[in-house]
Number of protein chains: 2
Amino acid sequence: MRQRSPASADLDDVDLKILQQIEDDFDVSLETVADQLGLSKSAVHYRITNLKENGIIEGVTADIDPFALGLEMVSITDVSVTHREGYSENIGERIMAIDGIEQVYYTMGDVDFVAVSRVQTRDQLNDLIEEIVAIDGVDETSSKFVLEEFHDARNVTANLTQSGRDAILDP
Amino acid sequence: MRQRSPASADLDDVDLKILQQIEDDFDVSLETVADQLGLSKSAVHYRITNLKENGIIEGVTADIDPFALGLEMVSITDVSVTHREGYSENIGERIMAIDGIEQVYYTMGDVDFVAVSRVQTRDQLNDLIEEIVAIDGVDETSSKFVLEEFHDARNVTANLTQSGRDAILDP
DNA sequence: AATGAAATCGACCAGCA
DNA sequence: TGCTGGTCGATTTCATT
């Protein structure tokens, strides 16, 4: 698995406000953010640089509308595997590597993996599921079609509860 | 549901290459992208501006490591609802509005909604599930705990098959 | 749709609390 | 370490093709 920053990254109130702003929209000028916080542009820039270096900001990316690329079919596929030593991580990565697979979760319970996929056509969906089944160790799959999605991008700061916010601020 | 750009957005090869680059990393200089494509910096900027105006680029955002905020617990919750007129869309939005909910899918099949949540503590997870159950029209829920995730951010261009790429380029 | 020049904004640095 | 103000380089904008 990928390296992650420690759970107890010491962020203060100002960091959190900056993160909230730029996680929603990085296309704001430094000056706007600085004015809102009563800081100079340099100070905001300094903090953003640190947040990047500490891995708290993993990167800055453009969010693309999948529909613009004709990616209109979303499915959720439950995957069961035969349990062998160390296979699970490998299988997760192999599912993830298939074109059209967007997210893979390895879960506790009778279903082992849950995969979210996004494709243009039924043929692509068929191919994708066949590729999952072809992976060594995969037992059976069960897919459901998604009719509608609800989410405002990936928004970790927006989804914090108040107690969660407090937990970050005073360790 | 939110307005989306048409499936047949007329993109050319150059647009697709720009999207691929900036979806992965917007922190590249215009000059780098321009050089790779044999264009001027202004031309690349002109295209990016258009892609934003046409809604193909939905926005530019910072990706934050959830672990840095202590968000270490991920769950997938299946939600069944009693079927009444027009309730489904409303319920989806109400689930989505709960703190800690990251994504909600409305699906065909016996399970109606699939919700992905990310919280810091078991208490927060408990609260979250209670809030789902409290929604009018929700019948029953079933949750599984996620042990590991596989995904490289949201990467719609990277997940295109070759035939998918071709389908976009020649309509 | 793409270009080059001009205005604006972000990145970096030295210095300071 | 966190911040300021200034400088330089990059990006954005605009007139022009």
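All chains are named by letter (A, B, ...) in the order of the sequence lines, taking the proteins before the strands, and each is independently numbered beginning at 1.
- Leu11(A) and Tyr46(A) fall into different hydrophobic clusters, where Ile, Leu, Val, Met, Phe, Trp and Tyr are joined by side-chain heavy atoms under 4.5 Å apart, directly or via other members.
- If you measure from atom CD1 of Ile22(B) to atom P of dT11(D), you get 13 Å, rounded to the nearest angstrom.
- Salt bridge absent: Arg165(A) and Asp99(B) never bring a charged side-chain N and a carboxylate O closer than 4.0 Å.
- Rounding to whole angstrom units, CZ of residue Phe26(B) and C1' of dA10(D) are separated by 13 Å.
- Of the residues in residues 32-50 of chain B, those with a non-hydrogen atom less than 4.0 angstrom from any atom of DNA chain C are Ser40(B), Ser42(B), Ala43(B), Tyr46(B), Arg47(B).
- The distance from the CG atom of Asp15(A) to the CD atom of Gln20(A) is 11.5 Å, given to the nearest 0.5 Å.
- Residues in residues 29-38 of chain B take part in these side-chain hydrogen bond (donor to acceptor under 3.5 Å, both in side chains) pairs, two or more places apart or across chains: Ser29(B)-Thr32(B).
- Between the side chains of Thr157(B) and Glu23(B), at least one donor N or O lies within less than 3.5 Å of an accepting N or O.
- A salt bridge links Lys144(A) to Asp78(A): at least one charged side-chain nitrogen sits closer than 4.0 Å to a carboxylate oxygen.
- Not counting sequence neighbours, the partners of Asp27(A) by the salt bridge (Lys or Arg N to Asp or Glu O under 4.0 Å) test are Lys52(B).
- When the C1' atoms of four end pairs are superposed on the next four at each end of the helix from dA1(C)-dT17(D) to dA17(C)-dT1(D), using five pairs per end, the two resulting axes differ in direction by 30°, to 10°.
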Stepwise, does the side-chain contact (heavy atoms from CB on, under 4.5 Å) test hold for Val44(B) with Ile18(B)?
-> CA-CA 8 Å; Val44(B) 176; Ile18(B) 292 173; 4.2 Å; yes
Without placing hydrogens or testing angles, list every side-chain donor-acceptor pair under 3.5 Å for residues 123-134 of chain B, not counting sequence neighbours.
unit_1    : atom_1 : unit_2    : atom_2 : d
Gln124(B) : OE1    : Gln120(B) : N      : 2.9
Gln124(B) : NE2    : Gln120(B) : OE1    : 2.9

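- Bounding nucleotides for the chain B contact on DNA chain C, 5' to 3', at a heavy-atom distance below 4.0 Å, are dA1(C) to dA5(C).
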Run the side-chain contact (heavy atoms from CB on, under 4.5 Å) check on Phe67(A) and Glu72(A) step by step: do they pass?
-> CA-CA 6 Å; Phe67(A) 278 57; Glu72(A) 307 204 23; 4.0 Å; yes
